[in-house]
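Quick notes on the structure that follows.
Letters A, B, ... are given to chains in the order of the sequence lines, protein chains preceding strands, and every chain is numbered from 1.
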Amino acid sequence: MVRVRFAPSPTGPLHIGGVRTALYNYFFAKKQGGKLILRIEDTDQTRFVEGAEKYIQESLKWSGIHFDEGPNIGGEFGPYRQSERKELYRQYADQLIEDGYAYYAFDTAEELKALREKEEAEGHKFQYDSKHRKDLNNSLTLSKEEVEKKIAAGENFTIRLLVPEDEEIVFTDIIRGEVKVHSSNMDDKIIFKSDGMPTYHLANIVDDHLMEITHVIRGEEWLPSAPLHILLYRYLGWDAPEFAHLPLLLKPDGKGKLSKRDGDRLGFPVFPMEWTDPQTNEISSGYKESGYFPEAFINMLAFLGWNPGDEREIMSMDEMTEAFSLDRVSKSGARFDADKAKWFNHEYLQKYPMEKLVSAFKELLKKENIEEVCDDYIEKVIKAIKDRADFVEDFIPHGLYFFKRPESYDEVAVKKHWRENSVTNIGLIAEEFEKCEEWKADILENIVKEQIEKHEMPGGKIFNGIRILLVGASSGPHLFDILEILGKEESLIRLKEGIANIGQE
RNA sequence: CGCCCGUUCGUCUAGUUGGCCUAGGACGCAAGGUUUUCAUCCUUGAAAUCAGGGGUUCGAAUCCCCUACGGGUGACCA
């Protein structure tokens with residue numbers, strides 16, 4: 001049975017790169033009939049952010065990524081918050097010390113910082129590794145008695161992994177193939193902090209093992225520490241899971257991975273939902289609030305680094321799950337494209353259930369103080385305008401005139417299309433409209449065309465003139481569809497009022 | 001700077017067992033059409049000498065090596 005996990009740290013809002021990682025884990029688990037676990041990695045108390053965990057859970061839920069186990073869900077392998085598993089980790093660190101794979105280190109953070117700065121000033125780099133550990137303050141250099149004394153005296157200590165001096169660490173990444181790192185390039189990472197908490201590295205390995213995780217699918221930024229994790233599994237005597245390191249999501253412009261700042265700078269959301277920073281009250285926009293459908297958002301995100309291998313692009317969660325495979329994930333980072341994101345939403349909007357669109361549009365109209373419009377009418381309007389909308393919110397700029405007579409007429413359009421004889425010509429057409437018994441688009445079209453021919457009117461100016469009177473601008477769907485939807489009475493009022501208004505100018 | 005990972009149209013990518021690739025699709029862009037608008041729709045087009053250079057081979061985007069460039073990482077953070 002395949003078991004995978006998504007393990008975010010609640011240090012702020014989850015950004016879309018994280019959502020994508022969760023998504024691929026979800027696809028992988030569902031495809032294999034396995035389980036998806038949510039684990040909160042909150043071993044750093046200093047970076048705790050109020051509301052972040054709740055935000056993460058809600059965002060994932062909105063995105064349609066559902067977990068089989070996790071905090072607030074439960075499961076046999078809980079608790080699923082590392083802060084609640086605190087007591088578990090120490091024994092494994094102790095076991096590593098006993099087996100000679102780890103050691104106590106008494107150097108303070110300040111001492112190490114000073115050392116690092118001094119070495120760097122001289123042009124060297126400092127690493128707590130096989131070269132330096134014998135000169136530092138730890139249980140490898142101190143006598144057993146001294147170590148015991150220090151610990152008994154309550155002196156702060158950390159536990160570091162004893163990395164072998166000369167060994168090639170090799171592992172296979174599902175996406176990248178064989179990855180090799182020489183141990184001489186690795187440092188003796190702290191696995192247990194002086195505050196009594198494990199570091200990510202230890203907690204991660206212990207939990208993945210205890211929770212019987214079979215595949216670790218995470219971002220590429222973890223690739224450099226994977227050899228360390230391999231070592232940890234080996235020293236603890238456990239089988240390592242398989243690894244897959246996902247390519248990063250890059251900034252739309254320039255260089256580097258997508259970051260929090262990019263969204264506001266370039267005008268698109270970097271987060272699934274809106275987030276208010278509890279410290280600064282700074283607001284970061286979200287896909288949800290920007291009008292994206294979760295289905296479109298997820299579809300767009302999935303295609304940043306993966307594709308089904310055929311030419312499908314619009315795919316449901318189920319279709320993508322069915323088609324998903326880790327060996328179809330690309331190796332290189334994907335640059336986020338805001339235009340394509342909009343396109344995805346546009347495609348979903350076209351197929352969205354009409355009754356949902358109607359109620360969403362109704363909400364928007366309410367804000368414009370337009371109420372008590374029947375659903376039938378709203379539906380007709382949506383059908384006429386939705387193909388040119390990317391978001392439900394676009395219905396307002398594209399369709400408000402169906403509910404509200406124009407209060408002014410676009411100057412540029414009037415100048416371009418309104419002629420002195422427009423008053424007479426459109427007046428004639430309006431008279432013919434009065435006689436019309438069956439108010440249908442094609443019939444109205446015939447009436448207009450007959451009149452144009454009969455009186456040798458300039459066609460383009462007539463069409464556009466009528467459009468301006470009805471809409472207030474020279475845009476919108478087919479003219480005769482507008483007339484039909486508006487209905488005879490309203491159309492005639494707009495024509496007459498409009499002729500009076502513009503004609504006087 | 002060290003180590004690791006990567007490099008096909010502006011962007012996302014197809015191409016994964018070398019020949020069907022004079023490199024395909026999508027977004028975006030441009031032009032034309034829908035003898036009326038338009039932010040829709042349709043058609044067409046421009047757009048990658050497959051980072052560069054060496055090999056291997058009858059044949060390489062696909063295999064190997066080098067270089068360049070890009071990215072990640074280098075905390076008692078995850």
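The residue A:P397 sits apart from the nucleic acid: no heavy atom pair falls under 4.0 Å. Within 4.0 Å of A:D107, counting heavy atoms only, lies at least one base atom of the nucleic acid. A:G219 comes within contact range of no nucleotide atom at all, as no heavy-atom separation falls under 4.0 Å. Using a 4.0 Å heavy-atom cutoff across all strands shown, A:R218 reaches no nucleic acid atom at all. At a threshold of 4.0 angstrom between heavy atoms, the contacts of A:Y200 include nucleobase atoms, whether or not backbone atoms are also involved. In this structure, A:H398 reaches the bases: a heavy-atom distance under 4.0 Å links it to at least one base atom across the strands shown. The residue A:K189 sits apart from the nucleic acid: no heavy atom pair falls under 4.0 Å. Using a 4.0 Å heavy-atom criterion, one finds that A:T43 contacts the sugar-phosphate atoms exclusively. Counting any heavy atom pair closer than 4.0 Å across all strands shown, A:T108 reaches a base atom.
For A:K257 and B:U73, the shortest distance from a side-chain N or O to OP1 or OP2 is below 4.0 Å. In terms of phosphate contacts, A:S330 brings a side-chain nitrogen or oxygen within less than 4.0 Å of OP1 or OP2 of B:U13. Applying the 4.0 Å criterion to OP1 and OP2 of B:U36, one finds that A:N464 has every side-chain N and O outside that range.
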What N/O pairs connect the protein and nucleotides 5-10 of chain B at under 3.5 Å? Give each pair on its own line.
from, atom 1, to, atom 2, distance (Å)
B:C5, O2', A:R176, NH1, 2.5
B:C5, O2', A:E220, OE2, 3.2

Sequence neighbours excluded and cut-off under 3.5 Å, please list the side-chain donor-acceptor pairs for residues 9-21 of chain A, or say none.
from, atom 1, to, atom 2, distance (Å)
A:S9, OG, A:E41, O, 3.2
A:H15, ND1, A:G17, N, 2.9
A:H15, NE2, A:L258, O, 3.1
A:R20, NH1, A:L304, O, 2.6
A:R20, NH2, A:P247, O, 2.3
A:T21, OG1, A:G17, O, 3.1

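Side chains of A:F480 and A:K440 form no contact here, defined as non-hydrogen atoms less than 4.5 Å apart.
Tested against A:F391, the residues A:Y292, A:Y287, A:W343 include a single ring pair (Phe, Tyr, Trp, His ring centres under 6.0 Å) partner, A:Y292.
Remark: A:E165 does not engage A:K131 in a salt bridge, criterion side-chain N to carboxylate O under 4.0 Å.
Across the P atoms, B:G59 and B:C20 are found 15 Å apart, a figure rounded to whole Å.
Look at A:W343 and the base of B:C27; the rings do not stack under the cut-offs of 5.5 Å between centres and 30° between planes.
Looking at the side chain of A:K125, the nearest of the listed nucleotides B:U36, B:G2, B:A78 is B:G2.
Using a distance-only test at 3.5 Å, with no hydrogens or angles considered, no donor-acceptor pair links the side chain of A:D207 to the main chain of A:N204. Of the possible donor and acceptor atoms, none in the side chain of A:Q451 sits under 3.5 Å from a partner among the backbone N and O of A:V448.
Under the 3.5 Å distance criterion, with hydrogens and angles disregarded, a donor-acceptor pair is assigned to the side chains of A:H245 and A:R218.
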